[in-house]
Amino acid sequence: MLTARRRTAALAAAAMSGVLLLASCGGSDGGSGDGKTLRLWHYEGPESAMGVAWEAAIAEFEKTHPGVKVKFEEKGFEQIQKTAPMVLNSSDAPDLMEYNKGNATAGKLSQQGLLTDLTAEVTERGWDKKLSAGVRTTSQYDAGGVMGSGKWYGVPNYAEYTLVYYNKDLFKKYGIEEPTTFGELTAAMDKFVDEGVTPLANAGAEYIAQQYLYQLALSRADRAWVDTYELYKGRTDFHDAAWTYGAQTFADWVDKGYIAKSTIGAKVEDAAVSFISGKSPILFSGSWWYGRFKAEAKFDWGTFLWPDTNLTLGSGGNLWVVPKAAKNKDLAYDFIDITMSEKIQNLLGNEGGVPVAADPAAITDPQAKQLIADFNSLSGKDGLAFYPDWPVPDFYNVLVSETQKLITGDAEPDAYLDALQDAYDKGAPKR
């Protein structure tokens, strides 16, 4: 996310659409450093698994820290994304903040000296023991701000990945079986088009469109390809077989009517509502939507992994980061510790999140069990391929604008890939 997110990123639907944080009663000193107020920013929607779990964590924190209050400030994902470097370099920095992971986001802030090195706390409190290798990749950054090694600048207490959400009732209405192969998926979309139904919910103005394209490319890629692109272990060629297939197939899908050209200006909230309302039968997006769909969708729905691929978008979740200028760092560490506790992890899992340290026996919801099992399957085969906007600063915006051109037909796939190559080469570090 989303990368920028993403996740968004992520990224819960309410957060990605700019919905503001919940406000809570709390101290009025704004985190003055007296140890009585924890200023916390996060952008998860209240109905999301993370939102529910973190609300419980706040209650637990205030219970175990008598006289200390947690104070939310109203921020949205995009606001934090755009203003973080300026705010974190000022006296208005919060004590604890959820922030997008990856080289272009958390990595960039760590390189700028705006984040606290958490390595000692991670080791002392045992957080590193709770995170698998694939999940912790986005927690550590080297001196150049590149993820995967170096000091710990963030801690995720959940994981995330992309999957296909589908409306079982609509599939049944049109006599379409659940796809188990890529060929069956495209055949299903052809049938929907024949019935006058646009199969894919999409958001051209935000991350969903670029993630469709990246997933198509991933279906022709391997781990070395991902490491080259995301970790700079070699030279990325945007005209290779995988990227070419992704761009060409995405453009073809628009031409075939799988993706509506009218979604060029749609945001992720629009895509979510399109699925929740029963208009779009399919949405390919993140596990972060699960809690909301469970709460709001009034039809029978299910999920499955993108077929015929070993790789899909995913990673550890967004990070808890402690700004360098935070005034109550010890309180921030204590709050992170509570979110990593088995009690909160189990709650997160049963609410439809992907916990990193839950007791498997404590997850009782059948759909939640499936969500976690699919993640474990991906993680076990090293199938988490991160997000397309992570490698270089501002690449998210480049991907949005260039992918919009594919939707409208204002750019051919070759021109699209040329634009990506140019932006990537300009932003990638020389290694």
Side-chain angles (χ1 to χ4, degrees), residues 1-2 6-13 16 45 47-50 158-173 176-182 184-186 188-189 192 199-203 207-208 211-212 214-216 218-219 258 268 271-315 317 348-355 358 360 363-381 383-385 387:
M1 138 151 341
L2 150 182
R6 320 83 78 293
R7 238 201 31 138
T8 186
L11 318 174
M16 293 299 295
E47 75 291 327
S48 71
M50 287 72 74
Y158 70 99
E160 61 185 43
Y161 67 103
T162 52
L163 63 163
V164 179
Y165 295 91
Y166 72 107
N167 184 325
K168 290 185 176 182
D169 289 349
L170 283 180
F171 271 70
K172 183 177 180 180
K173 176 181 178 180
I176 301 172
E177 296 292 325
E178 175 187 331
T180 58
T181 67
F182 184 73
E184 290 174 358
L185 175 62
T186 56
M189 292 193 291
F192 278 119
L200 297 177
N202 183 49
Y207 63 82
I208 290 181
Q211 291 186 358
Y212 278 121
Y214 187 55
Q215 180 59 70
L216 288 167
L218 287 174
S219 69
Y258 298 173
V268 293
V273 170
S274 182
F275 181 76
I276 292 170
S277 67
K279 179 180 179 181
S280 296
I282 301 170
L283 170 64
F284 174 69
S285 195
S287 53
W288 52 85
W289 292 108
Y290 177 93
R292 183 174 179 191
F293 291 169
K294 185 175 181 180
E296 298 184 21
K298 305 304 181 184
F299 50 82
D300 189 16
W301 58 275
T303 63
F304 57 87
L305 293 174
W306 191 274
D308 296 339
T309 182
N310 290 321
L311 297 168
T312 196
L313 297 81
S315 69
L348 193 154
N350 277 309
E351 289 294 328
V354 183
I363 309 303
T364 57
D365 180 86
Q367 282 184 308
K369 281 181 175 291
Q370 184 62 50
L371 188 76
I372 295 169
D374 282 344
F375 174 79
N376 290 338
S377 174
L378 281 171
S379 182
K381 63 183 180 182
L384 300 176
Y387 295 89

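All values below come from the heavy atoms of this structure, side chains included, with hydrogens, waters and symmetry mates left out.
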With a 4.5 Å limit on heavy-atom distance, are the side chains of Arg292 and Ile276 in contact?
yes
Nearest heavy-atom pair of Gly314 and Leu384: which atoms, and what distance?
O-CB, 3.6 Å
What residues form a side-chain contact (heavy atoms from CB on, under 4.5 Å) with Lys294, not counting sequence neighbours?
Tyr290, Trp301, Asp365
List the steps and the verdict of side-chain contact (heavy atoms from CB on, under 4.5 Å) for Asn202 and Tyr258.
CA-CA 10 Å; Asn202 183 49; Tyr258 298 173; over 6 Å; no
Tightest non-hydrogen contact, residues Pro355 and Ile372, listed as CD-CD1, 3.7 Å
Can you name the closest pair of heavy atoms from Ala201 and Ala271 and give their distance?
CB-O, 3.7 Å
Whether over 12 other heavy atoms sit under 6.0 Å from Glu296 CD
yes
Specify the closest pair of heavy atoms between Gly286 and Leu163, including all atoms of both residues, with the distance to one decimal.
C-CD2, 3.9 Å
Kindly say whether Phe299 contributes a backbone atom to a donor-acceptor pair with the side chain of Asp169 at under 3.5 angstrom?
no
Residues Ser274 and Ser277: closest non-hydrogen pair is O-OG, 3.2 Å
Gln367 vs Thr303, test: side-chain contact (heavy atoms from CB on, under 4.5 Å). Steps then yes/no.
CA-CA 9 Å; Gln367 282 184 308; Thr303 63; over 6 Å; no
Does any N or O in the side chain of Ser287 come within less than 3.5 Å of the main-chain N or O of Tyr161, such that one atom is a donor and the other an acceptor?
yes
Asn350 side chain to Thr364 backbone, donor-acceptor under 3.5 Å:
yes
Using the side chain to side chain contact (heavy atoms under 4.5 Å, CB included) definition, which of the options Leu348, Asn376, Leu371 pairs with Val354?
Leu371
Separation of Lys381 NZ from Leu311 CG (nearest 0.5 Å):
8.0 Å
From Trp306 CH2 over to Thr312 OG1, what is the distance, rounded to the nearest 0.5 angstrom?
8.5 Å
Give, for atom OG of Ser285 and atom OH of Tyr212, the distance between the pair rounded to the nearest 0.5 Å.
7.5 Å
Tell me if a side-chain donor or acceptor on Ser379 pairs with a main-chain N or O of Phe375 at a distance below 3.5 Å.
no
Note, Asn167 side chain near Lys173 side chain (heavy atom, < 4.5 Å)
no
Looking at every heavy atom in both Pro199 and Pro281, which two are closest together, and how far apart are they?
O-CD, 3.3 Å
To the nearest 0.5 Å, what is the distance between CG (Leu170) and CD1 (Ile282)?
9.5 Å
Specify whether Phe171 and Tyr166 have parallel, tilted or perpendicular ring planes, treating 30° as the upper limit for parallel and 60° as the lower limit for perpendicular.
perpendicular
Measure up the Phe293 and Tyr165 rings against each other and bin them: parallel (under 30°), tilted (30 to 60°), perpendicular (over 60°).
perpendicular
Within a reach of under 6.0 Å around NZ of Lys172, are more than 12 heavy atoms found that belong to other residues, nucleotides or ligands?
no
Spatial distance of atom CH2 (Trp289) from atom CD (Glu160) [nearest 0.5 Å]
12.5 Å
Roughly how far, to the nearest 0.5 Å, is the CG atom of Leu185 from the CG atom of Leu200?
7.5 Å
Backbone N or O of Thr180 within a donor-acceptor pair of the Glu184 side chain at under 3.5 Å?
yes
